[in-house]
**Q** 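Sending over a structure as structure tokens; questions will come in a sec.
Counting starts at 1 for both ligands and their atoms, following the listed order.
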Amino acid sequence: MKDFTVENLTEEVIKAYSANTASPRMREIFTALITHLHGFVKDVQLTEPEWFTAIEFLTNTGKKCDDKRQEFILLSDTLGVSMLVDAINHPKGGIGTESTVLGPFFVPGAPDLPHGADIRRRHLDEAETCLVTGRVTDQNGQALAGATLEVWQTAANGFYDVQDASAPEWNLRGRFTTNADGEYALVTEKPVSYPVPTDGPVGRMLDAAGRHAFRPAHLHFMVKADGCEPLITHVFVNGDPYLDSDAVFATKESLVGDFTRSSDAAEAARFGIKAPYSRLAFDFGLMRR
Ligand code: BEZ
Ligand code: FE
């Protein structure tokens with residue numbers, strides 16, 4: 001038997017997690033995890049009350065999760081971990097549209113909607129009607145017919161449907177399919193900037209760091225086509241005051257779109273909306289596998 005000390009414990013724990021771990025990748029992950037976790041505790045000389053505060057923080061983070069709330073994703077997002085994983089897995093400089101975080105508010109199974117459909121299931125007075133159109137192509141600019149685009153966003157009151165008991169189910173969510181020319185079109189409301197949820201442990205962490213909780217206004221997209229890598233991304237609103245201080249570090253220059261003001265009465269009539277309206281044109285490029 002051996003006495004464990006500050007000097008030998010890390011090495012002993014790594015050995016215990018390597019000896020019978022068949023997968024080389026799991027061994028690599030265990031070794032790095034234990035090295036960094038122990039290194040952190042040693043670096044800051046963690047006290048027992050601090051250790052317990054961390055245990056309570058993680059416990060409360062878990063307790064805040066349910067089928068509609070993912071506080072652990074929010075924790076990962078606000079610590080920049082989600083964007084680090086994104087940046088490692090989708091390095092800049094590639095061709096095709098850049099990706100960004102999924103976020104905690106994606107809900108699988110959004111209703112399939114026809115070309116040009118309106119995803120608003122209620123109309124808030126403060127909301128500005130917005131027409132969004134574009135094309136989905138592969139990285140060489142070849143149109144992708146039959147690609148699907150799932151879209152989701154907050155309402156003008158700053159809440160996703162799943163955060164707002166008064167919102168109709170699937171409000172501001174839908175799945176569209178591109179036509180033979182790879183085109184999509186949808187009607188929605190212009191997105192607004194909004195705070196990430198601050199009524200849980202993550203909110204207290206942001207407070208402790210003196211950080212604001214806002215995300216610049218954006219639309220979320222998940223774009224898929226046969227034979228291509230799926231794309232998870234946002235389109236941000238050019239001019240938003242939070243573009244330079246996103247609470248979750250998820251902005252990218254190439255994902256900023258121009259939401260212009262249009263008075264095109266003929267186009268408005270085609271989509272069953274009133275002019276003037278907000279207008280975004282944004283194309284997506286997917287990478288072939
Ligand atoms: C979102 O954009 O929905 C989001 C992303 C990360 C954290 C919170 C919200
Ligand atoms: Fe969002």
**Q** Starting from atom 1 (C) of ligand 1, what is the nearest protein heavy atom, named by residue and atom, and what distance separates them?
**A**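 Among all protein heavy atoms, the one nearest atom 1 (C) of ligand 1 is Y194 OH, 2.8 Å.
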**Q** Step through the shown structure and confirm whether more than 12 heavy atoms of other residues, nucleotides or ligands are within 6.0 Å of CG on N140.
**A**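 Yes - once you tally the heavy atoms of other residues, nucleotides and ligands closer than 6.0 Å, there are more than 12.
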**Q** Please could you name the atoms of ligand 1 that V248 approaches to less than 4.0 Å, counting only its heavy atoms?
**A**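 Numbered from 1, ligand 1 contributes 6 (C), 7 (C).
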**Q** Looking only at protein heavy atoms, which one is nearest to atom 6 (C) of ligand 1, and how far off is it?
**A** D77 OD2, 2.9 Å
**Q** Please determine which of D244, T100, V256, D246 meets the side-chain contact (heavy atoms from CB on, under 4.5 Å) test together with T251.
**A**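 Going through the options one by one, the only one that passes is D246.
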**Q** I'd like to know if D199 pairs up with R69 as an ion pair, taking the criterion as any Lys NZ or Arg NE/NH1/NH2 lying under 4.0 Å from an Asp or Glu carboxylate oxygen.
**A**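 Result for this pair is yes, salt bridge flagged.
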**Q** What atoms in ligand 1 come closer than 4.0 Å to a heavy atom of Y160?
**A** 1 (C), 2 (O), 3 (O)
**Q** May I ask you to decide whether D164 forms a salt bridge with R122, counting only side-chain N to carboxylate O separations under 4.0 Å?
**A** yes
**Q** Sorted by chain and residue number, which protein N/O/S atoms are under 2.8 Å from the Fe ion (ligand 2)?
**A**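 Near the Fe ion (ligand 2), below 2.8 Å, one finds Y160 OH, Y194 OH, H218 NE2, H220 NE2.
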**Q** How close does the nearest protein non-hydrogen atom get to atom 9 (C) of ligand 1, and which residue and atom is it?
**A** P104 CD, 3.4 Å
**Q** Through direct or indirect side-chain contacts below 4.5 angstrom among Ile, Leu, Val, Met, Phe, Trp and Tyr, which residues connect to L37?
**A** none
**Q** Please check if F105 and V235 belong to a single hydrophobic cluster, counting links between Ile, Leu, Val, Met, Phe, Trp and Tyr side chain heavy atoms closer than 4.5 Å.
**A**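 No: no chain of side-chain contacts under 4.5 Å links F105 to V235.
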**Q** Taking atom NE2 as the centre, does H36 end up with more than 12 heavy-atom neighbours from other residues, nucleotides or ligands that are less than 6.0 angstrom away?
**A**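 No, NE2 of H36 has 12 or fewer neighbouring heavy atoms, counting only those of other groups under 6.0 Å.
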**Q** Among all protein heavy atoms, pick out the one at the shortest distance from atom 2 (O) of ligand 1; state its residue, atom name and that distance to 0.1 Å.
**A**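 For atom 2 (O) of ligand 1, the nearest protein heavy atom comes out as R215 NH1, 2.5 Å.
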**Q** Work out which heavy atom in T21 is nearest to a heavy atom in R27; give both atom names and the distance.
**A**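 Smallest interatomic distance, heavy atoms only, reads O-NH1, 2.7 Å.
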**Q** Which ligand 1 atoms does H220 reach within 4.0 Å, using its non-hydrogen atoms?
**A**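 Taking each heavy atom of H220 in turn, ligand 1 has 1 (C), 2 (O), 3 (O) under 4.0 Å.
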**Q** Taking ring-ring contact (aromatic ring centres under 6.0 Å, His included) as the definition, give me every residue that meets it alongside F30, ordered by chain and number, with sequence neighbours left out.
**A** Y17
**Q** Enumerate the atoms of ligand 1 whose separation from the nearest heavy atom of L74 is less than 4.0 angstrom.
**A** 7 (C), 8 (C)
**Q** Do any pairs count as a ring-ring contact (aromatic ring centres under 6.0 Å, His included) and have a residue in residues 189-231, sequence neighbours left out, and if so which ones?
**A** W152-H220, Y160-Y194, Y160-H220, Y194-H218, H212-Y242, F214-Y242, H218-H220, H218-H234, H218-F236, H220-H234, F221-F284
